[in-house]
Amino acid sequence: MPNLNFHPAGRHFLQIPGPSPVPDRILRAISYPTIDHRGPEFGALGRQVLAGIKKIFKTEHPVVIYPASGTGAWEAALANTMSPGDAVLMYETGHFASLWKKMAERLGLEPEFIGLPGIEGWRRGVQADLIEQRLKADSAHRIKAVCVVHNETSTGVTTDIAVVRRAIDRVGHPALLMVDTISGLASADYRHDEWGVDVTISGSQKGLMLPPGISFNALSPKALAVSRAAKLPKAFWAWDEIVEMNATGYWPYTPNTNLLYGLAEAMDMLLEEGMDHVFARHQRLAAACREGVRAWGLEIQCVEEACHSPVLTGVMMPTGVDADQVRKLVYENFNMSLGAGLGKLKSRMFRIGHLGECNDLTLMATLSGCEMGLGLAGVPLQGSGVVAAMSYLQATARPVARHPAK
Ligand SMILES: *Cc1c(COP(=O)(O)O)cnc(C)c1O
């Protein structure tokens with residue numbers, strides 16, 4: 001047996017922006033016995049999760065569920081729709097956008113990376129006019145897809161996807177719109193059909209409150225049609241066989257049965273609370289977190305008011321302060337994990353996750369840990385972020401949503 005007794009007293013505060021803490025209700029559901037994936041009970045479970053997940057993506061079209069991390073679903077989106085050498089327009093919002101672009105290169109595509117220069121693009125949402133101009137210049141329609149990240153987890157910046165859709169439509173360009181909402185789904189409002197997205201990519205371990213291990217492609221009829229003629233090799237990821245077998249609640253291979261139990265439970269929790277309540281809860285917690293960061297006198301990575309992420313907040317360090325040192329002190333002394341700065345932001349910022357099942361007191365404990373860690377690191381603070389966030393939460397207090405036990 002591996003030694004799993006590495007947790008000191010009390011619960012560990014897993015305040016990275018994914019994986020997010022898994023609620024007990026979901027852990028219990030996942031612990032049910034694994035069943036025959038060709039048996040009748042499994043078919044009922046499959047039909048239940050495949051129908052339910054459409055409500056989470058807000059789509060009437062198929063959602064493919066893979067036993068893979070989010071990266072697998074990125075690959076699936078490209079492998080199903082693209083042909084070797086296809087040009088794809090990818091927008092640089094941060095580290096995750098950069099990783100997706102690297103994957104497109106490895107798959108033999110020709111990604112073109114656009115965005116604002118330097119670190120500027122990592123502080124703002126997608127500038128849809130840049131996409132519009134680029135597509136307008138592509139009169140030969142060489143560009144086959146526009147790829148954007150909805151909630152850039154490396155920075156804490158969210159993009160208005162409907163605005164990107166309108167930019168593509170204004171120039172009448174036929175490229176597919178592909179959106180990564182791996183960290184946004186189920187914490188930030190998301191509407192696959194209404195926003196005209198062709199392929200939405202998501203994963204289990206962020207807003208859905210599940211452990212890592214399943215991921216998703218939500219499809220549009222156009223994406224399905226394009227996939228029939230697309231020439232990149234695809235086997236495990238191929239939508240056609242999966243969608244066909246999903247019609248009866250089964251998969252062409254052994255799916256992640258226990259995580260599907262967890263998914264069914266997570267969807268019950270989200271729908272019982274009500275998706276709009278879930279989104280409002282996250283917006284309010286994120287606003288309280290920003291009140292805290294501003295009271296410390298520290299800079300927030302996102303500089304566009306309309307684009308602040310409800311999922312996480314990126315906290316910039318004053319020059320000369322190593323953010324990873326602050327994170328280390330918080331981890332060692334207060335048993336809390338914070339997100340590191342990634343890529344261009346390595347050691348310059350840390351990220352506070354407030355996604356998934358986060359509530360008022362989770363956030364208050366998190367900010368307390370941050371404030372004490374900043375103090376230990378000798379970071380000069382203007383005031384108490386804890387007091388500021390607490391005042392905000394008190395002023396906006398509301399009765400918590402309670403639902404009857406199942
Ligand atoms: C977490 C994340 C990924 C990567 O997902 P994995 O499950 O780690 O493979 C990709 N994009 C975004 C925006 C993410 O937050």
Side-chain angles (χ1 to χ4, degrees), residues 61 70-71 73-117 120-122 124-152 157-182 184 191-202 217-234 237-239:
H61 304 295
T71 305
W74 261 349
E75 175 162 348
L78 295 172
N80 273 285
T81 53
M82 297 290 115
S83 298
D86 274 354
V88 289
L89 189 62
M90 304 184 103
Y91 193 98
E92 182 180 355
T93 41
H95 186 64
F96 286 102
S98 311
L99 291 178
W100 198 9
K101 173 192 168 250
K102 198 169 98 187
M103 169 180 276
E105 280 162 0
R106 292 183 78 122
L107 289 172
L109 300 174
E110 279 179 30
E112 181 180 330
F113 218 20
I114 61 163
L116 299 172
E120 279 311 298
W122 287 43
R124 294 177 166 77
V126 170
Q127 310 293 301
D129 54 327
L130 294 182
I131 293 178
E132 184 173 343
Q133 284 161 24
R134 183 61 192 89
L135 292 180
K136 202 170 177 183
D138 180 42
S139 47
H141 295 167
R142 275 202 68 240
I143 295 168
K144 301 301 179 200
V146 173
C147 300
V148 296
V149 176
H150 173 228
N151 184 76
E152 179 53 79
V157 180
T158 306
T159 281
D160 188 334
I161 299 301
V163 170
V164 176
R165 174 78 261 172
R166 283 199 291 275
I168 299 172
D169 290 348
R170 260 197 303 277
V171 288
H173 198 288
L176 294 174
L177 173 58
M178 298 201 199
V179 178
D180 166 348
T181 188
I182 294 180
R191 309 173 191 187
H192 178 84
D193 286 2
E194 189 186 316
W195 294 347
V197 181
D198 290 300
V199 188
T200 299
I201 298 104
S202 196
N217 275 179
L219 314 179
S220 73
K222 180 173 164 188
L224 271 166
V226 166
S227 74
R228 289 187 196 105
K231 300 234 159 36
L232 275 185
K234 51 182 176 286
W237 304 117
W239 291 338

Could you grab the distance from atom OG1 of T200 to atom NE2 of H192, nearest 0.5 Å is fine?
-> 4.5 Å

Check G125 against V157 and note the closest heavy-atom contact, atom names and distance.
-> N-CG1, 3.3 Å

Report yes or no: does S202 contribute a side-chain atom to a donor-acceptor pair with the main-chain N or O of T181 at less than 3.5 Å?
-> yes

After noting the C-alpha distance and the side-chain angles of L176 and K222, does the key distance pass the side chain to side chain contact (heavy atoms under 4.5 Å, CB included) rule?
-> CA-CA 8 Å; L176 294 174; K222 180 173 164 188; 3.8 Å; yes

Rounded to the nearest 0.5 Å, what separation is found between the NZ atom of K144 and the CG atom of L109?
-> 12.0 Å

D138 with R134: basic N within carboxylate O range, under 4.0 Å = no

Test log, rule side chain to side chain contact (heavy atoms under 4.5 Å, CB included), inputs I131 and V148 | CA-CA 10 Å; I131 293 178; V148 296; 4.0 Å; yes

Steps toward side chain to side chain contact (heavy atoms under 4.5 Å, CB included) verdict (L116, R124) | CA-CA 9 Å; L116 299 172; R124 294 177 166 77; 3.7 Å; yes

May I have the step-by-step check of side chain to side chain contact (heavy atoms under 4.5 Å, CB included) for I201 and N217, ending in yes or no?
-> CA-CA 5 Å; I201 298 104; N217 275 179; 3.7 Å; yes

CD1 of I168 to CG of L177: how many Å apart, nearest 0.5 Å?
-> 4.5 Å

Work out which heavy atom in A128 is nearest to a heavy atom in A167; give both atom names and the distance.
-> O-CB, 3.7 Å

N/O donor-acceptor pair under 3.5 Å between H173 side chain and H141 backbone | no

Between H61 (side chain) and S220 (backbone), is there a donor-acceptor pair under 3.5 Å?
-> no

Over all heavy atoms of both residues, which pair between T71 and M103 is shortest? Give the atoms and the distance, please.
-> O-CE, 3.4 Å

Hey, mind stepping through D180 and W100 against side chain to side chain donor-acceptor pair (under 3.5 Å) and telling me if it holds?
-> CA-CA 9 Å; D180 166 348; W100 198 9; over 6 Å; no

d(I161 CD1, W195 CH2) to nearest 0.5 Å is 7.0 Å

Side-chain donor-acceptor contacts of residues 84-93 below 3.5 Å, not counting sequence neighbours, with atom names and distances?
{"from": "D86", "atom 1": "OD2", "to": "S83", "atom 2": "N", "distance (Å)": "2.8"}
{"from": "Y91", "atom 1": "OH", "to": "Q127", "atom 2": "N", "distance (Å)": "3.2"}
{"from": "E92", "atom 1": "OE2", "to": "W122", "atom 2": "NE1", "distance (Å)": "2.8"}
{"from": "E92", "atom 1": "OE2", "to": "K344", "atom 2": "NZ", "distance (Å)": "2.9"}
{"from": "T93", "atom 1": "OG1", "to": "E152", "atom 2": "OE1", "distance (Å)": "2.9"}

N151 CG to T158 OG1 distance, which is reported to the nearest 0.5 Å | 4.0 Å

Pairwise distance CZ(F96) to CD1(I182) - rounded to 0.5 angstrom | 8.0 Å

Just list the side-chain donor-acceptor pairs under 3.5 Å for residues 227-234, sequence neighbours left out, or say none.
{"from": "S227", "atom 1": "OG", "to": "L224", "atom 2": "O", "distance (Å)": "2.7"}
{"from": "K231", "atom 1": "NZ", "to": "A229", "atom 2": "O", "distance (Å)": "3.4"}
{"from": "K234", "atom 1": "NZ", "to": "A230", "atom 2": "O", "distance (Å)": "3.2"}

Less than 4.5 Å apart, any side-chain heavy atom of T81 and any of W239?
-> yes

Do K136 and E132 sit within salt-bridge range, that is, some charged N less than 4.0 Å from a carboxylate O?
-> no

